[in-house]
Amino acid sequence: MSYASLSDVQALNPKRTYDATTTPTSTQISALITQIAAEIDMVLASQGYTVPVTAPASLLPALKYINAYGAGALAEAGMFPEVAGLGETPHWKMLETKYQDWLKSLREGKIPPDLDKSADTISSFYHVMSDQEDFPDPVFRKRSTDLEF
């Protein structure tokens, strides 16, 4: 059982479409999704989960994103293995890095830290990182009068 769908992978790069005539095809993307789901299940089984995972419900959205990022990385790497500007990281590498980080979290028995909240939550980098002790205070602060309603 896969945790993601073709549309989940396509959402990672909205300019990309997959169908019977594209490279890779929608059938090939579906196979990549299944392949990544099997890898996820292997990691989860080693953590004592019954696979495929159907509960807890709070874990399923995280697995969907992990599955989509893994398949998306493979699809993008196959299409554009070395495409990047000078000093830039290829899109597929960013997807793969995120996937590997999340898979590592699963191996450690943790829900990936950036997926334990609603995926629809929007926050700033400072908001996300401000709970770390060594993270500096922002250089520009709002005056207390700016916070009045």
Side-chain angles (χ1 to χ4, degrees), residues 1-140:
M1 176 185 116
S2 298
Y3 300 102
S5 66
L6 180 65
S7 62
D8 295 326
V9 173
Q10 190 167 317
L12 298 174
N13 188 347
K15 293 181 180 180
R16 189 87 56 242
T17 57
Y18 303 110
D19 59 35
T21 62
T22 59
T23 302
T25 66
S26 55
T27 302
Q28 290 169 323
I29 297 297
S30 294
L32 293 175
I33 292 169
T34 301
Q35 175 185 336
I36 294 297
E39 185 175 4
I40 293 168
D41 282 347
M42 181 178 64
V43 169
L44 291 171
S46 73
Q47 294 296 317
Y49 284 90
T50 301
V51 293
V53 174
T54 57
S58 61
L59 183 57
L60 295 176
L63 296 178
K64 176 177 96 166
Y65 287 106
I66 295 168
N67 198 171
Y69 270 85
L74 292 175
E76 290 286 314
M79 292 173 68
F80 310 105
E82 299 300 325
V83 175
L86 185 60
E88 295 178 359
T89 301
H91 183 68
W92 72 265
K93 187 63 176 169
M94 181 276 303
L95 296 173
E96 185 207 20
T97 300
K98 197 71 149 165
Y99 168 67
Q100 292 297 334
D101 289 347
W102 288 339
L103 207 58
K104 180 178 181 241
S105 292
L106 289 178
R107 283 188 183 105
E108 294 170 354
K110 302 181 244 178
I111 291 181
D114 45 353
L115 289 178
D116 61 358
K117 300 178 182 113
S118 167
D120 297 328
T121 301
I122 298 174
S123 59
S124 69
F125 179 76
Y126 180 78
H127 178 266
V128 171
M129 300 298 289
S130 62
D131 63 342
Q132 297 184 8
E133 290 178 18
D134 61 342
F135 194 78
D137 287 333
V139 175
F140 301 104

Would the distance check show the side chain of Y18 and the main-chain N or O of S30 forming a donor-acceptor pair, the cut-off being under 3.5 Å? no
Show the nearest heavy-atom pair for residues S5 and S7, with the distance to one decimal. OG-OG, 3.0 Å
Apply side chain to side chain contact (heavy atoms under 4.5 Å, CB included) to the pair L32 and Q35, showing each step before the final yes or no. CA-CA 5 Å; L32 293 175; Q35 175 185 336; 3.8 Å; yes
To the nearest 0.5 Å, what is the distance between CZ on R107 and CD on Q100? 6.5 Å
Sub-3.5 Å donor-acceptor pair from the side chain of E96 to the main-chain atoms of L74, do we have one? no
Between the CD1 atom in I29 and the CG atom in D8, the distance rounded to the nearest 0.5 Å is 12.5 Å
Of all heavy-atom pairs between L106 and Q47, which one has the smallest distance, and what is that distance? O-CG, 3.4 Å
Nearest 0.5 Å please: distance from the OH atom of Y3 over to the CG atom of L59. 8.0 Å
Closest heavy-atom pair and its distance - L6, S26: CD2-CB, 3.7 Å
D19 side chain vs T22 backbone, donor-acceptor pair below 3.5 Å: yes
Can you tell me how far OG1 of T50 sits from CG of D41, rounded to the nearest 0.5 angstrom? 10.5 Å
To check you understand the geometry: which heavy-atom pair defines the closest contact between V9 and A71, and what is its length? CG2-CB, 3.9 Å
Quick check for you: to the nearest 0.5 Å, what is the distance between I66 atom CD1 and L63 atom CG? 5.5 Å
Measuring centre to centre across the rings, with the benzene-like ring taken for any Trp, is Y65 within less than 6.0 Å of W102? no
Measuring only between side-chain heavy atoms, which start at C-beta, is I36 closer than 4.5 Å to E39? yes
Can you see which heavy atom on A37 is nearest to which on S2, and at what distance? CB-CA, 3.7 Å
In this structure, CG of L103 is separated from CG of N67 (nearest 0.5 Å) by 10.5 Å
Locate the shortest heavy-atom distance separating A68 from L12; write the atom from each residue and the value. O-CD1, 3.3 Å
